[in-house]
Amino acid sequence: QVQLVESGGGLVQVGGSLRVSCAASGRTFSFSQYTMGWFRQAPGKEREFVGVNSWSAGSVYYAFYADFVKGRFTISRDNAKNTVYLQMNSLKPEDTAVYYCAAEHFPTYDSSGSTYTNGAAFGSWGQGTQVTVSS
């Protein structure tokens, strides 16, 4: 079982930046071999995929992003700290949502990325952190 704790959410103005973090822990857990995803849920809307840092093999990772965040959001990870980050730039009011990180070990890498856009494929979730973009 993997425990995930997000932090770093808050209130930011339109066009501003924010970085949210997700710290992972677990008894028998090799963070470096986990694919880490970010999802969000706005009020009245369904949860949606934001992006993922997917483990391929060894220390190779690939990132996939939803079209609506490409060029604005970046996911990075620090394996020494068991932490994944979501850097959000050029924020818009429509980015307001609760942001969740998710973790899963996928033995086989999906080069299309489609596997990782499905939240149901992830077994571990954080509690979420609120990001509010004000205009």
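For the side chain to side chain contact (heavy atoms under 4.5 Å, CB included) with Val131, the lone residue among Leu11, Thr96, Leu86, Val20 that qualifies is Val20. Screening Tyr99, Trp38, Tyr85 against Cys22 for a side chain to side chain contact (heavy atoms under 4.5 Å, CB included) leaves a single residue, Trp38.
Following chains of ILVMFWY side-chain contacts shorter than 4.5 Å, one cannot reach Tyr34 starting from Val5, and the two form parts of different hydrophobic clusters. Both Tyr109 and Phe122 belong to a single network of hydrophobic side chains, linked directly or stepwise wherever heavy atoms of I, L, V, M, F, W or Y lie under 4.5 Å apart. Phe64 and Val69 fall into different hydrophobic clusters, where Ile, Leu, Val, Met, Phe, Trp and Tyr side chains are chained together by heavy-atom contacts under 4.5 Å. Placement of Val14 and Leu18 within a single hydrophobic cluster is found when ILVMFWY residues are connected by side-chain heavy-atom separations under 4.5 Å, directly or transitively. Connection of Tyr62 to Val50 is not established within any shared hydrophobic cluster, with ILVMFWY side chains joined at heavy-atom distances below 4.5 Å, either directly or through further cluster members.
Here the two rings, on Tyr116 and Phe106, have centers that are under 6.0 Å apart. Taking the six-membered ring where the residue is Trp, the centroids of Tyr65 and Phe49 are separated by 6.0 Å or more.
Looking at every heavy atom in both residues, Lys45 comes nearest to Gln41 through O-NE2, 3.1 Å. Between Ala103 and Val2 the shortest heavy-atom distance is CB-CG1, 4.4 Å. For the pair Leu4 and Ala24, the tightest heavy-atom approach, listed with the atom from each and the gap, is CD2-CB, 3.5 Å.
With rounding to the nearest 0.5 angstrom, the OG atom of Ser134 is 10.5 Å from the CG atom of Leu91. Taking OG of Ser21 as the start and CD of Glu6 as the end, the distance is 10.0 Å to the nearest 0.5 Å. Here Ser135 contributes atom OG and Glu94 contributes atom CD; the two are 10.0 Å apart, rounded to the nearest 0.5 Å. Atom-to-atom distance recorded for Phe31:CZ and Ser25:OG is 11.0 Å, nearest 0.5 angstrom. One distance of note links CZ of Arg40 with CE of Met88; it measures 9.0 Å at 0.5 Å rounding. Residue Phe73 holds its CZ atom at 14.5 Å from CZ of Arg19, rounded to the nearest 0.5 Å.
Below 30°, between 30° and 60°, or above 60°: for His105 and Trp55 the angle between ring planes is between 30° and 60°, a tilted geometry.
Judged purely by distance below 3.5 Å, without hydrogens or angles, the side chains of Thr83 and Asp78 never pair a donor atom with an acceptor atom. For Asn79 and Ser32, the side-chain atoms include no donor-acceptor pair closer than 3.5 Å. In this model, a donor atom of one side chain and an acceptor atom of the other lie less than 3.5 Å apart for Arg77 and Asn53.
For Gln13, the CD atom counts as loosely surrounded, since its 6.0 Å shell holds 12 or fewer non-hydrogen atoms of other residues, nucleotides or ligands. At most 12 non-hydrogen atoms from other residues, nucleotides or ligands lie less than 6.0 angstrom from CD of Glu46.
Ion pairing between a basic and an acidic side chain is recognised when a charged N comes within 4.0 Å of a carboxylate O; Asp95 and Lys92 show no such pairing.
Cation-pi geometry between Arg47 and Trp125 is met: under 6.0 angstrom from the ring centre, within 45 degrees of the axis.
Here the side chain of Thr35 pairs no donor or acceptor atom with the backbone of Ser54 at under 3.5 angstrom. With Gln87 contributing its side chain and Thr74 its backbone, the two residues share no donor-acceptor pair below 3.5 Å.
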Step-by-step side-chain contact (heavy atoms from CB on, under 4.5 Å) determination, Val12 to Thr132: CA-CA 6 Å; Val12 62; Thr132 303; over 6 Å; no
